[in-house]
Visitor: 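My questions all concern the structure below.
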Amino acid sequence: MMKRLGYGLGMGLAAVGLLLPGLMFDGAGADPTGGSPTEGVKQTIVRYGPFMLPPAGRGGDMDHANVFMPNVPKPCEDCYITRAEPDLVYEDGTPANLDSGLMLHHAVLFNTGQPDTTCGKDTFYGRLGERFLASGNERTIKVLPPGYGYHLGRDPVTGVFHIMNHSEEAKTVFFTFKIDWLPGSTAGVRPVTPVWLDVANCRTSEYEVPAGPTSTHWTWPSTITGRVVATGGHVHTGGDRISVSNQTTGQRICTSWAGYGTKAPYMGTIESMSYCSWDSLGIVRKGDTLDLESVYDSAEAIPDAMGIMVMHVWQTDDLTSGTTPAPAEANGGIAPAAAANKPSGHHDH
Ligand SMILES: [Cu+2]
């Protein structure tokens with residue numbers, strides 16, 4: 001596994017050629033369309049790149065070409081992140097997607113000042129720190145319920161990026177996060193802990209899925225106690241949905257549905273994952289077993305499928321006060337319309 005990573009890193013840097021530190025733009029305070037009604041919210045667009053990708057067949061479409069960037073720009077310091085909107089864009093800000101040959105295989109940000117909750121320091125990824133933000137090509141917007149935030153301190157952030165170019169031309173692209181945040185001094189914000197649940201956790205996150213309907217389970221004995229307030233999933237094209245349940249209590253916490261066929265730039269590949277956000281979606285106690293179920297129905301076998309959910313948990317012993325049960329619209333009890341469509345495209349990452 002280390003060998004594979006080493007290969008990815010070396011080849012990735014060689015293929016990308018030129019890496020410059022990202023640029024950071026400070027937004028002009030609260031954005032009324034930003035999604036969070038909390039007073040005092042600021043917005044920053046943080047940009048990583050440029051990633052200069054050779055054409056397909058000359059390195060641009062290479063597998064496992066992870067680019068590791070230590071100490072990348074941060075949207076804010078000593079702050080609470082409340083919403084995060086990822087994108088892959090060209091220099092002029094227009095989206096880069098499969099209709100022009102570009103695919104965001106993945107981007108993951110690690111907080112080096114915090115240990116990851118599910119992946120220990122004895123693993124390569126665990127040593128990088130706490131996985132607190134990530135995106136696949138479907139670019140899911142993460143939003144916490146009002147009053148909650150992820151605290152980002154002053155420690156460096158490491159980024160891991162894998163972007164593929166399936167076109168005949170060299171391309172230059174940037175990965176961006178539009179981040180809503182509150183200053184660390186904001187009173188009363190409830191801090192959340194990201195809990196990364198992954199069928200192939202602490203490794204490449206990739207596992208093999210055969211053709212046809214399949215269901216793969218992965219369990220994690222919880223090391224924390226608290227309320228789950230937000231979570232969403234990541235599967236690849238051919239994936240149907242991914243769910244997390246508390247096996248010990250029998251409570252389904254969230255189902256995140258894969259969507260297809262309504263957004264032209266995705267060319268029939270996965271275009272959305274529904275996101276669960278509510279105070280609270282579910283309760284977890286230390287020692288409870290959490291069950292992750294990744295469901296695919298792919299026309300052909302997928303050697304490098306993924307099944308990931310990142311839960312945001314407010315660690316507290318006050319598990320119930322002030323909460324109302326999540327409606328089906330908030331916890332994926334009802335599938336969105338796009339989940340009824342099947343994939344018609346093929347870039348199965
Ligand atoms: Cu993936």
Side-chain angles (χ1 to χ4, degrees), residues 1 4-5 8-9 12 48 51 53 60-68 84 86-88 96-98 102-110 116 118-119 124-125 128 131-142 159-166 173 175 177 194-210 214 216 218 231-244 256-260 263 265-275 292-298 300-311 339 343 345-349:
M1 179 264 175
R4 193 181 197 181
L5 279 168
L9 175 57
Y48 305 100
F51 296 97
L53 304 166
D61 57 344
M62 201 166 46
D63 261 337
H64 306 294
N66 270 330
V67 175
F68 287 72
D87 207 355
L88 185 70
N97 212 323
L98 284 162
L102 268 290
M103 192 191 70
L104 174 63
H105 198 292
H106 57 254
V108 185
L109 298 183
F110 298 78
D116 193 84
T118 67
C119 197
F124 177 84
Y125 285 104
L128 293 177
R131 296 167 286 185
F132 71 101
L133 279 179
S135 180
N137 198 56
E138 69 275 13
R139 309 166 201 210
T140 306
I141 298 170
K142 289 90 183 162
V160 173
F161 303 92
H162 182 192
I163 300 163
M164 292 175 97
N165 178 12
H166 294 291
V173 294
F175 176 73
F177 254 128
V195 178
W196 186 288
L197 307 171
D198 185 335
V199 169
N201 197 31
C202 310
R203 295 178 277 147
T204 59
S205 299
E206 292 175 353
Y207 74 102
E208 197 172 335
V209 165
T214 61
T216 306
W218 181 84
T231 182
H234 171 69
V235 297
H236 289 177
T237 297
D240 183 68
R241 64 185 186 273
I242 186 164
S243 305
V244 60
S256 178
W257 299 84
Y260 300 94
K263 300 176 185 174
Y266 290 84
M267 306 286 285
T269 67
I270 186 163
E271 62 178 31
S272 60
M273 292 293 297
S274 64
Y275 197 78
L292 183 71
E293 183 191 18
S294 177
V295 178
Y296 276 73
D297 188 2
S298 178
E300 55 189 48
I302 307 171
D304 51 1
M306 288 190 188
I308 299 171
M309 287 185 91
V310 182
M311 293 194 313
H346 239 22
H347 292 283
D348 55 357
H349 287 285

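Counting convention: from 1, in listed order, for ligands and their atoms alike. Position 1 is the first residue of the sequence; numbering continues from there. None of these values were measured; they are calculated from a predicted model.
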Visitor: Tell me whether the Cu ion (ligand 1) has Met306 as a neighbour, meaning an N, O or S atom of it below 2.8 Å.
Guide: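 Given the 2.8 Å cut-off, Met306 counts as a ligand of the Cu ion (ligand 1).
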Visitor: Does His234 put an N, O or S atom under 2.8 Å from the Cu ion (ligand 1)?
Guide: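 Within the cut-off used here (under 2.8 Å), His234 does place an N, O or S atom near the Cu ion (ligand 1).
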Visitor: Do Asn66 and His105 have side-chain N/O donor and acceptor atoms under 3.5 Å apart?
Guide: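 No, because no side-chain N or O of Asn66 sits under 3.5 Å from a partner of the opposite role on His105.
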Visitor: Of all the N, O or S atoms in His236, which one sits nearest to the Cu ion (ligand 1)?
Guide: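 In His236, the N, O or S atom with the shortest distance to the Cu ion (ligand 1) is NE2.
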Visitor: Ignoring hydrogens and angles, state whether a donor on the side chain of Ser274 or Arg241 is under 3.5 Å from an acceptor on the partner side chain.
Guide: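 No, because no side-chain N or O of Ser274 sits under 3.5 Å from a partner of the opposite role on Arg241.
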Visitor: Can we call the ring centroids of Phe51 and Phe175 under 6.0 Å apart?
Guide: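 Aromatic pair excluded; centres sit 6.0 Å or further apart.
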Visitor: For the residue pair Asn201 / Arg203, report whether a side-chain donor-acceptor contact shorter than 3.5 Å exists.
Guide: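 The criterion, which ignores hydrogens and geometry beyond distance, is not satisfied for Asn201 and Arg203.
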